Each structure stands twice: as C-alpha cells, then as structure tokens.
Amino acid sequence: MLLDNLQSFKIVNLYKQLINTIKKKYPDISESELNQIQKAYELASLAHKDQKRLSGEPYIIHPLHVALYLAEMSMDPPTIIAGLLHDVIEDTIYNEEFIRNEFGDEVAKLVKAVTKISLVKKDTYKENLSELKSQEAAENLRLMLLATFEDIRVIIIKLADKLHNMQTIHYQKPHKIERIAKEVLDIYAPIAGRLGMYKIKSELEDLAFEALCPEEAKKIKEEIKQSKTELESFLKKVKKALYKRLEEMNIQAQIDSRVKHLYSVYTKIQKSNKTIKQIYDLRGIRIIVPEVNDCYAVLGIVHTLWKPLPGRFKDYIALPKPNGYQSLHTTVMAPDGKPLEIQIRTKEMNERAENGIAAHWLYKHGMDYKSVKGRLEWLQTLKQITQEFQNYAKNRLENSTEFLNTLKDELQPDEIYVFTPNADIITLPRGATVLDFAFKIHTDLGLRCKSALVNDRIVPLSTELKSGDKVEIITHPEPKPSPIWLKYVKSTRARQKIRAYFRKKEETEPVKETKEETPNKKIELKIKRKPTKNPKEVPIEVSGGIDVPVRYAGCCSPVPGDKIIGYITRGRGITIHRVDCSQLPKNQSEIERFIPVKWEGLTEVYPVAIEITAKDRQGLYLDLVQAITVTKTNILKAEADIPKDKNDIMKATFLVEIEHVDQLNEVLQSLSLVKDVIEAKRKS
Ligand code: MN
C-alpha cells in the first residue's frame, strides 16, 4: 500500500513536471491543447493500467518520461501526445482508429509510425543469428528513414523512447542489454548526431557505453573525477579573466565550462592512444552571446587574451555543418601552458546544437512548424541526411535483399514506398510499375515516359517496383504513349490518364487512311517516307542495366517482339541482335559480353526487309503492295527482279516499317494470301 502510494506520487509528479516544461517551452499554449495532453495521459494510464516495466514500476512511467524528453527538446504538442501514446497501439487493446477518433489524424499517424518500427523488430528478430541482428538493425534504420520522410517527429519520438529504455536497461537480461546497447551505439546515436541533436546523442552514447563496457566506463569516470578539482579551479580562473574583458567590451555573455562526455573521452583515448591526463580537450569553455556579431568580437578578445594554436580555428557559422550546426571553435594556449578548447555561439545556435534541427525548426518558426517555408527548409536538410543514411544502410544491406523483401511484405502488404531522384517518397500500390510512378508524379511525365533508371539501372516501363527503389524517369520531348501501356499500369489513375490521352487524340486528329499512289508497272518504287529517326539512332528501349548507347544490328534487324540479346561492343555501346542471329559471336571468351535485354514500349518503328517469291503475272506487283498497305504498314522501299520469260519466278523485296513482330507476321500472312505467291519471309 505504501509502495503504491509512493508510485502514484511519483507518477503525479512526473506529469506535473511534464506540464510545467510544456508551459515553459510554449507559454502561449492553448487550453484545448493542454486538455488534449491530459486526455492522452489519462488514456495511456488506463491502457497500460495492468502493465509493469521490468523495473516493477507501473508502465505509465515510461511514456511519461518519453513525453517529458520530447517537451524538453521543444517538440510540439502533437509529438508530446504521440509520445504519451506511443506504446498504446502496440501493447494494449486501443487501436489506431480509436486514437484517430480521439486525437485526430496527425497524432494517430505518428503513433502508428512509431509502432511500425517496433513491430517489424519483434516479428523478425532472430536472437540466435548474429548476422541477422545487424541486418535487422539496418532495416530498422531504413524503416525510420521511410517514416521520417513523412514525418521526422517519428524519429524524435523513437529517440526519446530509446533514451528512457537505456536508462532502465540494467533490468534487462545480459544478452539483451548487449543487443540493445549495440543498436543504440550503431544506429540511434548516429541518427541523433546526424540530426544535430548532440545532447541526446551523448546521453545515448554514455548509457550504451556504460551498459556495454561497465569496467572501462567506471575507470574513465574515476579518472575524470580525480582531475575534477584541479580542472574546476583552472576553469574558474579562465572564466573570471574572460568575464572581465567581456564586461569591459560591454558584451553580455554566458560562459559555461564543460567536461567532455564519457563516450567521447573513451573514443578519444582509443584513437589517440593517450591517457586521460594527456587529453587536453577533455576540458572546454563555451561562450554564449546574444548576436552573431558578438561571436566574432568575442573571438577577437579570446585571441588577444591567449595565443591561438594554429590550424585549430573553425568557423561553422560561415560554413555550418550539414545538419545545421553553427559555432566558432578555437583552441588557445591557456594560462597553465596547456591547450584549451573554446566554442563561441549565439543562444539560438546553442539550442540547435543541443536539440538539433528540430529545435532550429521550432525556434525559427515557433508553433508554426507546418509553415511552407519551414517545411521546405526542413525537407531540404532531411534529404541530405536521408541520402547519407541510405548509403550507410545500403552498405549494410548489400547481400540481404531477400530477407528485406520479406520484411517489407510484412510491413505493408498493399503499398510500396519508392524514392524520386530528390529522395522524395512516393507511395504506390503493390505491383505498380515504372509507368505508374511517372503518372503519379505528373500526367505529363507519364505521357512522355520513354524508359527509366531504377537504382541507376535502365529498365523497361513495365518493370515492377519494390519498396526502397530509387526511380528516375527518362522522357521523350513530346508525349508518346502507346496503347500497350494500358497493360503495364496498375493504378487506376495512370490507366485513366492514358485512355484520356487517346480519346482526345482521336477527337482532334482522325486517323488518316494510308492511300499510296502506286504506279502500275515500275521496277523500283520509292514511297515518301514519313520523317522518322534513323533507326540506328533509336534511343534505348530495352532493359539492360548499363547506361550506354544502343544500336540495332544490321545483320538481323530485330523488331519489337523478337527474342533479342544485347552484345557489348568496344566503344560503341550495346548492339541488339536477334537471339537466332547467325552473326553472333560463339566464342567462349565473348560470352560475358552478352547482356540480357527486353523490349520496351512500342513507340518506335523499325525497318524490316521482306522477301517475296512468286510466279510472275500481270498485276502481281500491285497486289503485293496492296497486301501490305491493307495491314496499315508503311512501305519505305520496294525492288523487284522481273523475270525474262513469262510464268517465270519473280523475287521482290519490300522494306517496311514495323512496330512489333505481330505486325510483321500479319504482313507476311497477308502477302502469302496473294495469288501466285510462293513464299513471303523476312529477309535474313
Ligand atoms: Mn516505448
């Protein structure tokens, strides 16, 4: 009973602390928002009522701590509410729909996304396979990325969650401690760092380090403690000298002395092979001033007081780090004859260095975190960070595609997420192709679609996309859709757009009847050829995986529908042959120069020579021409050998424009039906 009272007391206090922190960060927070926060707290208390942490404490302690960390990081009310509710969907009877009804879509989405990260882990984690551990961790990282792009606040909630879990990690079993701590060091702390959230980063690192290497951590702690008195009196002197000069110059400043955090001391020792006493930048001074100009003024003062060490000055104000970190860094020769690191920054810069781009964003835009400008800046920074993460994740994921695909299926059965070249995320139905992607981005992009690069490899438009693919569309200058596209698309929207295009085209330009003037008796006839590209320069329409020029082999003149293979030529890119082409090299050493290729959309025409053998007669030639034009096939050129004797054999060759092998077969069929024709075949 006494214990229960103590715990309720603790819970109530924690909640009070949360509300006070929120009011301090957001003095103008509305009553209704405070009511929502209280409601979230009450729901979480109810939902976790019968659950306990491993520590034996009531579960609600955990979400309360998470929410408190979020408030301390200046996060907005929806994030704090989601922090309170972050384990509700996963662990209790209240589902996403319930949260949506009670707290709205924004909060429901945040909670769902945080839950998603944890669920994948639980379902797929195999404790006895260490290889899978790192993959799982890396996949978690990728999932976080995917989630981030919709909302960075998901990651921030997850970091706060990890921070509290790390603080209570000693209640876990030893093998779990190792896994969790490693994951924090490998993934979560670096993520915090890349987001510029150095405060939570060093806290996570120290906790993980203490969990993983308790002996080393203890040793370093002791040593820091030993030199602390000496350190403190030294820093006091330095601060005094500085304050005096700053006052003379009329600069308002706050000077903090600091000792590096545990884990960074440890890595420093590991890297430099030095003892703690030899690491001078263990100690440091941070000067916080009101204005940017003051930073440079203070730098001048510092450098006149103490001699700067050459090569140690860094201006992160003029050249901020990619995550937005800004500060001046310099190292001077301190009065005790040893180096002293000094950081100079404004209050805003300091807030940002501690709480990262989230703080920067909120600091700049206040509660208006959804302002277009703020959002754009935000996305800009995130794109950079995300790309870094993706590269990092890719390196780790190199050989685990199958495993990942399974994970992705579990994650979202109906949807896939793919990236634009700018790393924007596009959601598509499962089974969607490159064409669906193009139409999803913009109708015009869809209509002008020629081919695509998926993960930097050229693929056909019919290629099905997977989550995580990076897709770039290659376009024609003008719209060139083909009716066959209707077979390629999965989404209704893309199908509608393609249909609409053809409907409109029929209305505006009715199909012309191809009536060619064909003179009766002519040995050679040239029909005006509609302007088309030189087929040898037809741009790539095939899949292959290498971004090089493609040409069609003259020996076998492949047309779409033919079984084809690519042959990598020296200096000329890829030549496309029919697989049954007699000219293909058969040499074993040449085999590796073959590359599989496939036909793409039918937007080009290809010249094909047709050879006809027939018993000559009056009017035969005209019949042949008609047999071809009836299939709506264009004749580019025609030649015939006229036999000297009557009833003798005539051979004629027609060069025709073919879009697809089916069309060719139709032409050949039509020709073979002409009276007296013995054979009509493709010329080889
Ligand atoms: Mn949690």
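Counting convention: from 1, in listed order, for ligands and their atoms alike. Note that the coordinates shown come from a computational prediction; the quantities given were computed from them, not determined experimentally. All heavy atoms count here, side chains included; hydrogens, waters and symmetry mates do not. Residue indices begin at 1 and follow the sequence shown.
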Quiz item: Is the Mn ion (ligand 1) under 2.8 Å from any N, O or S atom of H164?
Solution: no

Quiz item: Of all the N, O or S atoms in D87, which one sits nearest to the Mn ion (ligand 1)?
Solution: OD2

Quiz item: Got a salt bridge between E72 and K199, using NZ or NE/NH1/NH2 to carboxylate O under 4.0 Å?
Solution: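 Result for this pair is no, no salt bridge flagged.
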
Quiz item: So, are E210 and K221 salt-bridged, with charged N and O less than 4.0 Å apart?
Solution: yes

Practice problem: Could you give me the CA-CA distance, side-chain angles and deciding distance for E205 and H261, then say whether side chain to side chain donor-acceptor pair (under 3.5 Å) is met? | Solution: CA-CA 9 Å; E205 280 177 347; H261 75 279; 2.9 Å; yes

Practice problem: Give, rounded to 10 degrees, the angle between OD1 (D161) and NE2 (H62) as seen from the Mn ion (ligand 1). | Solution: 80°

Quiz prompt | Verdict with reasoning, D87 to H48, per side chain to side chain donor-acceptor pair (under 3.5 Å) | solution = CA-CA 9 Å; D87 280 329; H48 297 296; 5.6 Å; no

